[in-house]
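Quick note: numbers below take in every heavy atom, side chains included, and nothing from hydrogens, waters or symmetry partners. One-based numbering along the sequence shown.
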Amino acid sequence: NSCHTNGRRFTLSLAARIIHDTIRPLTNATRRCAIIVDDSLFSRSRSKRVELLARVFDHVTHKYTKGFRLLVIGWSDGNTFLPLTFCLLSTAKEKNRLNAAASSVDARSNGGKQRKLAQMEAPAVVLSLLREVRAAGIPAHHVLFDTWFCSPSSLKAIHDLGYDVAAMAKKTSKVRYLCGGKFLDAKEIYRANKKRRGRSRYLLSVEAVATRKGESLVPVRLVFVRNRNNRKQYLVLVTTDLSLSEEEVIQLYGKRWGIEVFFKACTSYLRLVKDCRSVSYDAMTAHVAIVCTRYMLLAVEERENTDNRSLGELFYLSL
């Protein structure tokens, strides 16, 4: 329950040490490593007195429930995923916040800063956490995320931090791109251009400029990929790294799946939600840090036992 212990800094420092000392020696220098951003529901549906408890939307049941959004930023080289830092998001809307922050916590302390961060908008929290990751020296040049964070302003902000983005674009009329001298959304771009024939991995590739309210922000490439689950539909990938080929964009975005496995393992096997019944925001943050640490130890053990270049595999073969 201590508000002076910084669990997020601990997980970031531990992950950086593991990456540099254990994972990087087993990873080819030419392999593209990526930072992955995603969130998951941290449900406290039966709670009443939990600090900063909020009504959050569950994208699985499509209903509102009581709890938090666990925002996680992780790192992957394509084989091993490691959680770097996180934030238990409450809500920036006061009407959806069921309980306030503890008034006894000094706003200048680590606990006070954590509570302030939890009540910010999710895009602003992501940018704050990415600055911490960059300051820690995590080796990665690309940031991957799903449609929930993919807006032109976010692409611009992350690009200004020094990262390139590979994300799933929204197929909505509210997001427009400057393409061929016209402001078009993703669906209009798809209809206006000739698609590739045959069994190509992608249907269409177009260079455009992401815009917001008619203002050009950052050059992007849109890659239209056929949906494997429904051949009549398509997905749209967007990247700010114009040096990547279409196949490289698809391959790079595929590394985002590691964070989905992380959430599944933490929820089903490491008891991310069920093992913490504290009403203190500091205690919940410490619990998430412990779960992330356990996952990192398991990830290192799995890598050393399966990678042919690891010392553990040499001992295994000599038996």
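Residue pairs that meet the ring-ring contact (aromatic ring centres under 6.0 Å, His included) test with at least one member in residues 115-140, sequence neighbours left out, do not exist here. Note on residues 153-188: no pairs pass ring-ring contact (aromatic ring centres under 6.0 Å, His included), not counting sequence neighbours. Residue pairs meeting the ring-ring contact (aromatic ring centres under 6.0 Å, His included) criterion with at least one member in residues 92-139: none, sequence neighbours excluded. Among residue pairs with one or both ends in residues 185-222, those qualifying as ring-ring contact (aromatic ring centres under 6.0 Å, His included) are Tyr190-Phe224, Tyr190-Tyr234; sequence neighbours excluded.
The cluster map of Ile, Leu, Val, Met, Phe, Trp and Tyr, joined by side-chain heavy atoms under 4.5 Å apart, puts Trp148 and Phe263 in different clusters. No continuous path of hydrophobic side-chain contacts links Val125 to Leu144 [ILVMFWY only; heavy atoms under 4.5 Å]. No continuous path of hydrophobic side-chain contacts links Met168 to Val238 [ILVMFWY only; heavy atoms under 4.5 Å]. Hydrophobic clustering (ILVMFWY, side-chain heavy atoms < 4.5 Å, transitive): Leu204 and Val209 are in distinct clusters.
A donor and an acceptor atom, one from each side chain of Gln119 and Ser90, are nowhere located under 3.5 Å apart. Under the 3.5 Å distance criterion, with hydrogens and angles disregarded, a donor-acceptor pair is assigned to the side chains of Ser153 and Ser151. Counted by atom type alone, Thr211 and Arg176 present zero donor-acceptor pairs between their side chains at under 3.5 Å.
Using a 4.0 Å cut-off between charged side-chain N and carboxylate O, Asp185 and Lys187 make no salt bridge. One finds no salt bridge joining Arg32 and Asp241 here, because no Lys/Arg side-chain nitrogen approaches an Asp/Glu carboxylate oxygen to under 4.0 Å. Between Arg256 and Asp38 there is a salt bridge, since a side-chain N of the basic residue sits under 4.0 Å from a carboxylate O of the acidic one.
Glu207 pairs by the salt bridge (charged side-chain N to carboxylate O under 4.0 Å, His left out) definition with Arg221, not counting sequence neighbours. The ring-ring contact (aromatic ring centres under 6.0 Å, His included) test applied to His20 returns no partner, not counting sequence neighbours. Under the ring-ring contact (aromatic ring centres under 6.0 Å, His included) criterion, Phe81 pairs with Phe262, not counting sequence neighbours. The salt bridge (charged side-chain N to carboxylate O under 4.0 Å, His left out) search around Glu132 returns Arg8, not counting sequence neighbours. Residues satisfying the salt bridge (charged side-chain N to carboxylate O under 4.0 Å, His left out) test with Glu301, not counting sequence neighbours, are none. By the ring-ring contact (aromatic ring centres under 6.0 Å, His included) test, Tyr269 is found to be paired with no residue, residues two or more places apart in sequence or in another chain being considered.
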Which side-chain N or O atoms in residues 53-61 pair as donor and acceptor under 3.5 Å with protein atoms at least two apart or in another chain?
from, atom 1, to, atom 2, distance (Å)
Arg55, NH1, Asn96, OD1, 3.4
Asp58, OD1, Val60, N, 3.1
Asp58, OD2, Thr61, OG1, 3.2

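Between the CG atom of Leu203 and the CD atom of Glu246 there is a distance of 12.0 Å, given to the nearest 0.5 Å. To the nearest 0.5 Å, atoms CG (Leu252) and CG (Leu244) are separated by 6.5 Å. Interatomic distance, CD1 of Ile290 versus CZ of Phe10, reported as 9.0 Å (0.5 Å rounding).
Checking each of Arg115, His287, His4 against Asp282 for a side-chain contact (heavy atoms from CB on, under 4.5 Å) leaves exactly one that passes, namely Arg115. Phe86 pairs with exactly one of Asp39, Thr285, Leu129, Val291 by the side-chain contact (heavy atoms from CB on, under 4.5 Å) rule, that one being Thr285.
In terms of modelled atom types and a separation under 3.5 Å, the side chain of Trp75 and the main chain of Pro139 share a donor-acceptor contact. Checked by atom type and distance alone, the side chain of Lys171 never pairs as donor or acceptor with a backbone atom of Ala169 at under 3.5 Å. Using a distance-only test at 3.5 Å, with no hydrogens or angles considered, no donor-acceptor pair links the side chain of Arg24 to the main chain of Ile19. When atom types are taken as modelled, the side chain of Thr267 and the backbone of Lys264 share no donor-acceptor pair closer than 3.5 angstrom. Listed for the Glu51 side chain is a donor-acceptor partner under 3.5 Å among the backbone atoms of Ala102. A donor-acceptor pair under 3.5 Å is formed between the side chain of Thr240 and the backbone N or O of Val165. Between the side chain of Thr27 and the backbone N or O of Ile23, at least one donor-acceptor pair lies under 3.5 Å. In this structure, the side chain of Lys66 engages the main chain of Ser47 through a donor-acceptor pair within 3.5 Å. The main-chain N or O of Asp77 is found under 3.5 Å from a side-chain atom of Arg31 such that the two form a donor-acceptor pair. Between the side chain of Ser128 and the backbone N or O of Ala124, no donor-acceptor pair lies under 3.5 Å.
Through ILVMFWY side-chain contacts below 4.5 Å, Val105 is grouped with nothing and stands alone.
No more than 12 heavy atoms of other residues, nucleotides or ligands shown are found within 6.0 angstrom of CD on Glu215. By the 6.0 Å contact criterion, CZ on Arg17 is open, its count of non-hydrogen atoms from other residues, nucleotides or ligands being 12 or less. The local environment of CD in Glu121 is sparse, with at most 12 non-hydrogen atoms from other residues, nucleotides or ligands closer than 6.0 Å. At most 12 non-hydrogen atoms from other residues, nucleotides or ligands lie less than 6.0 angstrom from CZ of Arg212.
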